[in-house]
*Asks:* 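Structure incoming, see below.
Per chain, numbering begins at 1; letters A, B, ... match sequence-line order.
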Number of protein chains: 2
Amino acid sequence: MAVGRPRAFDVEERLDRALDVFWRQGYEGTALSDLTEAMGINRPSLYAAYGNKEALFGRVLDRYQDGPARHLRTALEEPTARAAAEHLLRGSVAVVTSARNPGGGCLLVQGALATGEQGEAARARLADGRRAAETALRRRFERAQDEGDLAPDEDAADLARYIASVSFGLSVHASDGTGAEALHRVVDRALAAWPG
Amino acid sequence: MAVGRPRAFDVEERLDRALDVFWRQGYEGTALSDLTEAMGINRPSLYAAYGNKEALFGRVLDRYQDGPARHLRTALEEPTARAAAEHLLRGSVAVVTSARNPGGGCLLVQGALATGEQGEAARARLADGRRAAETALRRRFERAQDEGDLAPDEDAADLARYIASVSFGLSVHASDGTGAEALHRVVDRALAAWPG
DNA sequence: CTACTTCTGTACCGCTTGGTACTCAACTCG
DNA sequence: CGAGTTGAGTACCAAGCGGTACAGAAGTAG
């Protein structure tokens, strides 16, 4: 059974280079030529390995959530609701001011907020990702209510929405050039509104 | 002195139609054909009346800040710093859930957060607009300190950054389909962190 | 070595992009 | 009326877009 010519590049590793481009330029602002150049592969190799631009973006997004945006999941493992919220927000500051994206901001937010028809699928995917993160946080808060470290009369959905909203705001603000220290002070204020 | 054929459309009125398109689809997601179709004029008429796509976007942005986003300025006229902050945030909720943009969100945020080379100018213009709004708010807070309705040891810049950040977050959240009532509850929590 | 499979690279596809040349229509002024 | 000016509309441009056909290189299996 013949096996064929081996691929000359590492599929996962090159995803990181694609991630950097999408992160900086957004989905619609990124051309295939930008991707092939950054990834160091030819167009047909890209299509063979990843499908098409949209599918590549999906792979990149998964990698983003497993990598730079890992804090969205790890925050849920904190022992208390308040610690989870703070972990999420501090982690967000780190990501949106990451040296990897000098422009600042979070891929889940900047990637494709408003788009034409072509970017619709990417936009929807990002919105799903944001909603999923918020839902996971809400569930964590509900668990905290069961465990007694969050008042049972609090509205967990409202609280999660608030934290998510602040996190989104950090992303936009970072893309205006605001640094990590200033954003941490925003987080300080946001957490000052924590119930109880 | 001959005057020439009169223009068959109202330059300012058609800007509103262009605004709706840019608001929904963002700068890069909007093609000239989208604009000419929505505005009901031909391409050469658009170029004669507005310059080019980038210049048209600039005109649209001015109109946006004088129209739908008027609250950014009117908030400054409130008698107290706290009232100004609340006016700004409540106004933001209204704009980002406006029926005019069913997708939700604020043009200053969604218009062009991350772009390729082509959208760079638009991106920079929006970032300037956001920074200008925050600076105006900071100055209003400083005035409030002079007038005595905001503690003099507060950091006005930090406070303005916090309010701006929350406002940006509302925009992103709205584009995920969150309604006005839920966003007002986010504002409630954000204002619960108000100093004093 | 040959047969087979799979990746690489060039060269191309149709389509859309932002932008414009040019002709004709509509208007004012003398 | 005609001369002069300006907008409208068609038809077009080069360049870039996302995506692919095809020939040849690189490997494995027998």
*Asks:* In whole angstroms, how far is the P atom of C:dC15 from the CG atom of A:Leu32?
*Replies:*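 Those two atoms, CG and P, are 18 Å apart.
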
*Asks:* List in numerical order all residues of residues 33-61 of chain B for which some heavy atom is under 4.0 Å away from an atom belonging to DNA chain C.
*Replies:*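 Under 4.0 Å from DNA chain C: B:Ser33, B:Arg43, B:Pro44, B:Tyr47, B:Asn52, B:Lys53.
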
*Asks:* Using the ring pair (Phe, Tyr, Trp, His ring centres under 6.0 Å) rule, collect all pairs that involve residues 87-138 of chain A, keeping only residues at least two apart or in two chains.
*Replies:*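 Checked against ring pair (Phe, Tyr, Trp, His ring centres under 6.0 Å) - neighbours excluded - no pair reaches residues 87-138 of chain A.
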
*Asks:* Taking OP1 and OP2 of C:dT5, is either one under 4.0 Å from a side-chain nitrogen or oxygen of A:Arg5?
*Replies:*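 For C:dT5, OP1/OP2 do not have a side-chain N/O of A:Arg5 under 4.0 Å.
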
*Asks:* Test salt bridge (Lys or Arg N to Asp or Glu O under 4.0 Å) on B:Glu134 and B:Arg130; report intermediate values, then the result.
*Replies:* CA-CA 6 Å; B:Glu134 181 177 319; B:Arg130 291 192 297 264; over 6 Å; no

*Asks:* side-chain hydrogen bond (donor to acceptor under 3.5 Å, both in side chains) with A:Glu142: which of A:Arg138, A:Arg140, A:Gln145?
*Replies:*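 Of A:Arg138, A:Arg140, A:Gln145, side-chain hydrogen bond (donor to acceptor under 3.5 Å, both in side chains) with A:Glu142 is met by A:Arg138 alone.
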
*Asks:* Counting side-chain heavy atoms from C-beta on, which of C:dT8, D:dC17, D:dA8 comes nearest to A:Ala8?
*Replies:*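 Out of C:dT8, D:dC17, D:dA8, the nucleotide with an atom closest to A:Ala8's side chain is C:dT8.
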
*Asks:* Both B:Glu28 and A:Pro6 contact DNA chain C. Which one's nearest nucleotide lies toward the 5' end?
*Replies:*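 The residue whose closest nucleotide sits nearer the 5' end is A:Pro6.
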
*Asks:* For A:Ala81, does its backbone N or O pair with a side-chain atom of A:Asp149 as donor and acceptor, under 3.5 Å?
*Replies:*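 Between the backbone of A:Ala81 and the side chain of A:Asp149 there is a qualifying donor-acceptor contact (under 3.5 Å).
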
*Asks:* Can you measure B:Phe9 atom CZ to D:dG9 atom P for me and round it to whole angstrom units?
*Replies:*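 Rounding to the nearest Å, CZ of B:Phe9 and P of D:dG9 are 10 Å apart.
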
*Asks:* Is a donor on one side and an acceptor on the other found under 3.5 Å between the side chain of A:Arg185 and the backbone of B:Asp158?
*Replies:*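 Side chain of A:Arg185 to backbone of B:Asp158, a donor-acceptor pair under 3.5 Å: no, none is there.
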
*Asks:* Decide yes or no on salt bridge (Lys or Arg N to Asp or Glu O under 4.0 Å) for A:Arg59 and A:Glu12, but give the supporting numbers first.
*Replies:* CA-CA 9 Å; A:Arg59 294 282 297 270; A:Glu12 292 297 316; 3.0 Å; yes

*Asks:* What residues in residues 117-128 of chain A put a non-hydrogen atom under 4.0 Å from any atom of DNA chain C?
*Replies:*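 The stretch gives none, as no residue of it lies under 4.0 Å from the strand.
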
*Asks:* For residues B:Gln110 and B:Ser171, is any side-chain donor paired with an opposing acceptor at under 3.5 Å?
*Replies:*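 Checked: B:Gln110/B:Ser171 side chains pair up, N/O donor to acceptor below 3.5 Å.
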
*Asks:* Whole angstroms only, please: what is the CD-P distance between B:Gln25 and C:dT17?
*Replies:*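 From B:Gln25 CD to C:dT17 P: 10 Å.
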
*Asks:* I need the B:Asn42 CG to B:Phe9 CZ distance, nearest 0.5 Å.
*Replies:*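 Output value for this atom pair is 9.5 Å.
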
